[in-house]
Amino acid sequence: MNEMNDLELKYLKSIAHQYPNIAAASTEIINLQSILNLPKGTEHFLTDIHGEYEQFNHVLKNGSGAIRRKIGEVFGNTLSNKDKKSLATLIYYPQEKLDIVMQEEENIEDWYKITLHRLVQVTKTVASKYTRSKVRKALPKDFAYIIEELITEKAEVSDKEGYYNEIIHTIIRIGRAPDFIIALSNLIQRLVVDHLHIVGDIYDRGPGPHIIMDTLMKYHSVDIQWGNHDIVWMGAACGHLPCIATVLRIAARYGSLDTLEDGYGINLIPLATFAMERYQDVSCDTFAIKYNTDYDTKDLSLDMKIHKAIAIIQFKLEGQVIKKHPEFEMDDRLLLDKIDYEKKTVRIGGQDYAMSDVEFPTVDPADPYNLTPEEEQVMARLRQAFIKCEKLQKHVRFLYSNGGLYKVHNSNLLYHGCVPMDEEGNFKSANIDGRRYKGKELYDVLDNYARKGYYAQNDPAGMRKAQDILWYIWAGSNSPVFGKDKMATFERYFLSEKETHKENKNCYYSLIDNEAIINKILMEFGLNTEKSHIINGHVPVELKKGESPIKCGGKLLIIDGGFSKAYQGKTGIAGYTLIANSHGMRLVAHEPFESTQAAILRESDIFSDTTIVENAYERILVADTDIGHELQESIKQLEHLLEAYQNGTIIEK
């Protein structure tokens with residue numbers, strides 16, 4: 001036997017442990033073949049959540065309208081719209097809805113009976129596209145056997161209705177109806193969406209990124225494409241000072257320092273004490289807070305001081321990184337040394353601009369990027385707080401193990417920002433550690449450095465360099481997840497001229513309606529140009545200005561429509577989500593979410609407009625997916641094993 005055959009024989013012998021005879025191998029082949037012919041599972045795409053945990057939770061629970069559609073499929077015109085709404089709300093919030101019903105319903109037993117029958121019908125429908133073993137794995141432990149009985153057709157039972165009625169009657173009689181309703185509702189939510197994709201930016205602006213991360217960690221199947229705001233939090237969790245300062249500045253700016261203090265238990269007292277002392281009699285008017293309704297305004301004066309103190313620290317620390325890495329090509333961001341304190345101006349691009357504020361008590365004009373001893377001490381303590389924060393570290397490890405800068409999945413290319421390009425549509429290169437990279441290579445090398453920045457503990461120098469590159473991914477002009485020529489933070493704070501605030505988007509964004517360009521990107525990532533799509537986040541689609549999220553005839557979809565309240569005035573909606581199921585792709589535009597309480601009490605689901613992006617002529621099967629291709633490969637290997645058993649090369653056990 002040649003080497004290849006030896007290798008193959010070795011592999012077949014290893015799988016023979018699992019399938020020790022002809023019967024076992026044959027059964028598995030039949031099982032896998034049957035899975036290939038099932039409809040593909042539903043994929044749900046969300047992006048740019050920015051800490052808006054209530055809306056995120058609701059969209060997750062309603063599957064972007066998938067549950068309402070299933071209820072419509074099951075009951076058609078046999079249920080009123082009001083009853084359909086009630087049933088949907090019960091499925092989203094079973095415990096809360098039950099509390100209300102139990103107080104209001106006069107004949108609770110009747111309500112249980114009707115509701116359980118309806119939930120069983122919906123469960124049957126959502127379970128029908130999975131194998132029995134996959135459904136079994138999803139069943140709640142306490143009720144697994146009973147649910148399986150209720151959703152499985154029993155050919156041998158002559159009075160089927162009587163049989164099922166008796167099971168439901170017994171559940172009610174022994175007082176288990178409320179728990180059973182909760183179990184079925186959670187199971188429906190679990191089965192309606194097979195896999196969740198988060199296309200970046202879980203963090204910053206909104207109040208609850210930590211709640212979103214807790215939810216994702218419990219979710220049955222999820223991947224994450226890191227956004228620039230996730231990257232800066234990952235850098236902060238690594239202990240990188242410019243990233244820590246940035247995270248704190250953004251939290252201060254949006255009035256969400258509570259996220260760090262209460263959500264993550266990070267002690268901000270050293271920073272607050274320093275800000276109060278050093279900025280006591282200093283004007284902080286330029287550092288206003290963009291707070292929302294639940295912000296406690298008694299903290300306003302202190303938060304403005306913190307905001308200014310940490311912004312100045314951030315500009316210093318960023319300057320240090322830029323000076324250390326000329327290859328980042330970011331010298332235009334070195335602005336602290338361009339300030340004329342007497343004239344109160346700053347020189348940018350050969351022009352002098354008047355500054356609204358030059359009262360920087362910690363900046364030494366002779367050495368502007370140097371931290372004062374007090375600033376160094378504050379940052380050292382904050383660094384320890386971030387590194388030792390167990391909850392943050394747990395969340396960031398989850399981002400690393402379930403995420404990356406991009407993902408190729410079921411003929412879709414998912415990334416948060418862009419593939420940097422020049423005006424002609426050529427891939428634009430970036431200098432990373434002395435070598436230039438572009439296209440997919442740029443994504444791969446940056447992904448690799450992002451991981452090194454967290455995990456390369458045994459190479460401290462390499463780890464520090466990788467952490468600087470993590471910061472570059474956040475703010476670098478050739479970074480795929482930032483995708484603009486500069487981050488104009490300094491200008492936005494201090495200059496009134498709006499043209500200086502402009503952050504020019506990479507040429508990619510003006511080329512995405514050009515099919516040749518989209519095909520070029522798809523081919524760069526090894527995808528078929530006929531069947532594939534790019535799913536993109538990062539840049540809010542301004543629907544109210546007539547902008548469309550569907551680019552290049554549906555080949556590229558930008559699904560950031562303003563989940564974050566900070567963007568909703570600009571976009572006119574509260575975010576897009578995307579559903580891809582066996583029938584095709586559906587883009588959902590969401591109205592702003594009022595509150596969880598309103599959703600439960602008034603059954604006010606988020607009103608959503610749906611656009612069908614693509615209708616499959618034939619239903620898409622598991623065989624057409626990535627998992628399907630893996631299963632086909634397994635079938636091929638099992639067929640070789642079967643052959644080996646049949647010709648005696650391997651002996652059956």
Side-chain angles (χ1 to χ4, degrees), residues 203-204 209-210 213 229-280 282 284 287 289 296 299-321 324 336 360-364 367-397 453-454 456-457 460-461 463-468 470-471 474-475 489:
Y203 281 92
D204 288 334
H210 54 295
M213 286 303 300
H229 287 271
D230 307 317
I231 286 284
V232 78
W233 276 74
M234 288 154 69
C238 295
H240 191 250
L241 295 182
C243 291
I244 290 172
T246 305
V247 161
L248 286 162
R249 180 190 61 78
I250 295 170
R253 183 173 177 75
Y254 288 92
S256 56
L257 287 166
D258 285 0
T259 299
L260 288 153
E261 288 190 293
D262 304 336
Y264 282 114
I266 286 172
N267 180 8
L268 298 182
I269 291 171
L271 175 62
T273 308
F274 165 76
M276 268 193 308
E277 287 170 3
R278 211 68 186 82
Y279 288 79
Q280 181 61 50
V282 173
C284 297
F287 291 84
I289 309 293
D296 189 345
D299 300 330
L300 196 55
S301 169
L302 173 59
D303 282 358
M304 283 167 78
K305 287 181 176 61
I306 291 173
H307 188 186
K308 184 167 185 175
I310 199 66
I312 299 303
I313 290 173
Q314 180 193 316
F315 295 138
K316 289 182 177 189
L317 291 166
E318 287 180 339
Q320 292 175 18
V321 175
K324 194 164 80 179
L336 286 183
F360 307 148
T362 69
V363 177
D364 172 2
D367 191 1
Y369 298 106
N370 202 15
L371 293 187
T372 66
E374 297 96 327
E375 285 173 328
E376 273 185 359
Q377 203 180 357
V378 166
M379 290 313 293
R381 290 182 68 179
L382 284 166
R383 184 174 187 272
Q384 282 308 304
F386 272 78
I387 287 175
K388 292 198 156 61
C389 173
E390 214 173 298
K391 188 171 189 174
L392 178 63
Q393 295 301 330
K394 194 171 71 174
H395 286 170
V396 166
R397 276 195 300 275
Y454 191 75
Q457 312 277 351
M463 194 173 180
R464 279 195 297 276
K465 186 193 289 175
Q467 288 174 3
D468 287 347
L470 251 174
W471 174 83
W474 150 253
T489 312

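Because the structure is predicted, anything quoted here is derived from the model rather than measured.
Side-chain contact between E374 and T362 is absent, with no heavy-atom pair separated by less than 4.5 Å. Between W471 and E318 the shortest side-chain heavy-atom distance falls below 4.5 Å. Side-chain atoms of I306 and F287, non-hydrogen and from C-beta on, never get closer than 4.5 Å to each other. Looking at heavy atoms from C-beta onward, L382 lies in side-chain contact with L268 at the 4.5 angstrom threshold. With contacts defined as side-chain heavy-atom distances shorter than 4.5 Å, the pair Y254/D204 does not qualify. A heavy-atom distance below 4.5 Å is not found between the side chains of W233 and H395. I310 places a side-chain heavy atom less than 4.5 Å from the side chain of M379. A 4.5 Å side-chain heavy-atom check between L470 and Y454 finds every atom pair outside the cut-off.
Between L302 and A272, the closest heavy-atom pair is CD1-O, 4.0 Å. Listed here is the closest heavy atom pair of Q467 and G453: NE2-O, 3.0 Å. When all heavy atoms of V282 and P361 are compared, the pair lying nearest together is CG2-CG, 3.9 Å. Shortest non-hydrogen contact noted between C243 and V232 is CB-O, 3.4 Å. Across all their heavy atoms, F386 and I244 have their closest contact at CE1-CG2, 3.7 Å. Nearest approach of A245 to L317, heavy atoms of both residues: CB-CD1, 4.0 Å.
Annotation for E376: atom CD counts as buried by contact number, over 12 foreign heavy atoms lying within 6.0 Å. For E390, the CD atom sits in a loose shell: 12 or fewer heavy atoms of surrounding residues, nucleotides or ligands are nearer than 6.0 Å. Counting heavy-atom neighbours within 6.0 Å of R381 CZ, excluding the residue itself, gives a total of 12 or less.
In this structure, OG1 in T246 is found 11.5 Å from CD1 in I313, a value given to the nearest 0.5 Å. Residue R253 holds its CZ atom at 8.5 Å from OG1 of T489, rounded to the nearest 0.5 Å. Rounding to the nearest 0.5 Å gives a distance of 9.0 Å between NZ of K388 and CZ of R383. The distance from atom CG of L271 to atom CD of E375, rounded to the nearest 0.5 Å, is 10.5 Å. In this structure, K305 NZ and Q280 CD are separated by 5.5 Å, a value rounded to the nearest 0.5 Å. We find the CD-SG distance between Q457 and C238 to be 9.0 Å, quoted to the nearest 0.5 Å.
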Could you go through the side-chain contact (heavy atoms from CB on, under 4.5 Å) check for L248 and Q314 one step at a time? CA-CA 9 Å; L248 286 162; Q314 180 193 316; over 6 Å; no
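Side chain of R249 to main chain of A311: no donor-acceptor pair is present (N/O by atom type, distance under 3.5 Å, no hydrogens or angles). When atom types are taken as modelled, the side chain of Y203 and the backbone of P209 share no donor-acceptor pair closer than 3.5 angstrom.
For the side-chain contact (heavy atoms from CB on, under 4.5 Å) with K316, the lone residue among N370, T372, D367, L241 that qualifies is T372.
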